[in-house]
Amino acid sequence: MAQQNDIQPVLAEHDTKMMAWGPLGGQGAEGVIKSPVLAEIGAQYNKSAAQVALRWLTQRGIVAIPKSTHKERMEQNFKIFDFRLSGADMQAIAALNQQDAGFVNFHDPQFVKYLIETYG
Ligand SMILES: NC(=O)c1ccc[n+]([C@@H]2O[C@H](COP(=O)([O-])OP(=O)(O)OC[C@H]3O[C@@H](n4cnc5c(N)ncnc54)[C@H](OP(=O)(O)O)[C@@H]3O)[C@@H](O)[C@H]2O)c1
């Protein structure tokens, strides 16, 4: 899970919302769904690790559109608006940041400014 925390303020300057590329960790979703940290946090609220991940994103104002081929998971993924993660929960999840954004450095605010200015 790579978090691009420096980018959100730059997007806010342009009244633009950040969107999760793979809100559950992307195709396969091994890391996020299997995270014991998310599972432990979810147990406090009777929620799954996936629900905790989606709540963590939406609570930070990040758009999350998870994909699932299972109807029950689709339904589960909508049920994230009836609980609120604590500050300690939010910090514990933030600490899972793997700093891996792939071949382009999306962590660089200057690169994001370049994209906005070039492509609108
Ligand atoms: N336009 C673009 O450039 C672009 C790029 C990347 C992604 N996207 C889109 O963004 C969306 C999300 O991307 P993504 O599919 O890579 O990643 P994702 O939504 O983060 O993860 C999807 C994976 O999570 C599993 N999953 C979903 N809900 C779950 C739950 N409640 N519990 C356990 N596992 C769950 C899915 O398995 P099952 O299907 O087996 O349930 C699938 O393996 C997709 O609609 C994708 O098409 C678009």
Side-chain angles (χ1 to χ4, degrees):
M1 172 175 68
Q3 302 165 23
Q4 294 158 4
N5 297 316
D6 297 341
I7 304 308
Q8 208 169 5
V10 178
L11 295 179
E13 282 175 26
H14 296 271
D15 199 22
T16 300
K17 292 282 185 191
M18 182 178 259
M19 180 175 174
W21 179 79
L24 297 174
Q27 290 152 9
E30 295 290 314
V32 172
I33 304 300
K34 293 186 177 171
S35 162
V37 174
L38 295 189
E40 281 172 30
I41 290 171
Q44 300 174 69
Y45 306 99
N46 200 24
K47 296 289 179 182
S48 69
Q51 288 171 309
V52 170
L54 296 173
R55 178 68 207 183
W56 182 73
L57 290 165
T58 54
Q59 205 165 302
R60 295 165 61 222
I62 296 174
V63 177
I65 306 177
K67 165 260 169 188
S68 180
T69 54
H70 297 86
K71 188 181 174 198
E72 65 278 10
R73 285 181 174 173
M74 292 179 200
E75 291 170 349
Q76 183 194 118
N77 293 345
F78 278 113
K79 293 177 183 168
I80 60 165
F81 301 104
D82 58 352
F83 76 112
R84 185 166 187 83
L85 295 168
S86 70
D89 295 334
M90 297 295 282
Q91 284 178 13
I93 300 167
L96 300 175
N97 190 4
Q98 294 174 340
Q99 308 282 351
D100 175 16
F103 62 92
V104 174
N105 185 6
F106 289 106
H107 293 282
D108 180 359
Q110 294 305 322
F111 178 68
V112 173
K113 281 185 179 173
Y114 159 78
L115 288 178
I116 291 169
E117 287 164 10
T118 306
Y119 299 104

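For clarity, every value in this text was computed on a predicted model and none was experimentally measured. In each ligand, atom 1 is the first atom listed, and ligand 1 is the first ligand listed. Side chains included, hydrogens not; waters and symmetry mates left out as well; all remaining heavy atoms used.
- Note that the CD1 atom of I41 and the CZ atom of R55 stand 13.0 Å from one another [nearest 0.5 Å].
- Close to ligand 1: G25, with a non-hydrogen atom less than 4.0 angstrom away.
- Rounding to the nearest 0.5 Å places CZ of R84 at 11.0 Å from CG of D89.
- For a threshold of 3.5 Å applied to N or O pairs, the pair formed by L24 and ligand 1 contains at least one separation below that value.
- With ligand atoms numbered from 1 in the order given, ligand 1 contributes 38 (P), 39 (O), 40 (O), 41 (O) to contacts under 4.0 Å with heavy atoms of T69.
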**OP:** Go through the steps for T16 and I116 under the test side-chain contact (heavy atoms from CB on, under 4.5 Å), then give the verdict.
**Re:** CA-CA 10 Å; T16 300; I116 291 169; 5.8 Å; no
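- Within the structure, no pair that satisfies the side-chain hydrogen bond (donor to acceptor under 3.5 Å, both in side chains) test touches residues 109-120, not counting sequence neighbours.
- When heavy-atom distances to ligand 1 are checked against a 4.0 Å cut-off, I65 comes that close only through its backbone atoms N, CA, C and O.
- Under a 4.0 Å criterion applied to the non-hydrogen atoms of A50, ligand 1 contributes the atoms 30 (C), 31 (N), 32 (N).
- Residue N46 qualifies as open at atom CG: its count of foreign heavy atoms under 6.0 Å is 12 or below.
- Taking any N or O of P23, backbone or side chain, at least one lies under 3.5 Å from an N or O belonging to ligand 1.
- For the atom pair L85 CG and I80 CD1, the distance stands at 9.5 Å (nearest 0.5 Å).
- Checked by atom type and distance alone, the side chain of K47 pairs as donor or acceptor with a backbone atom of K79 at under 3.5 Å.
- With sequence neighbours left out, the side chain to side chain donor-acceptor pair (under 3.5 Å) criterion links Q76 to S48.
- Residue contacts with ligand 1 for Q76 involve side-chain atoms from C-beta outward but no N, CA, C or O (heavy atoms, distance under 4.0 Å).
- Considering both main-chain and side-chain atoms, S48 never comes within under 3.5 Å of ligand 1 through any nitrogen or oxygen pair.
- Atoms of ligand 1 found under 4.0 Å from any heavy atom of W21 (numbered from 1 in listed order, with element): 5 (C), 6 (C), 7 (C), 10 (O), 13 (O).
- Close approach of ligand 1 to I33 (heavy-atom distance below 4.0 Å) involves ligand atoms 33 (C), 34 (N).
- Below 4.0 Å from some heavy atom of G22 lie the following atoms of ligand 1, by number and element: 17 (O), 20 (O).
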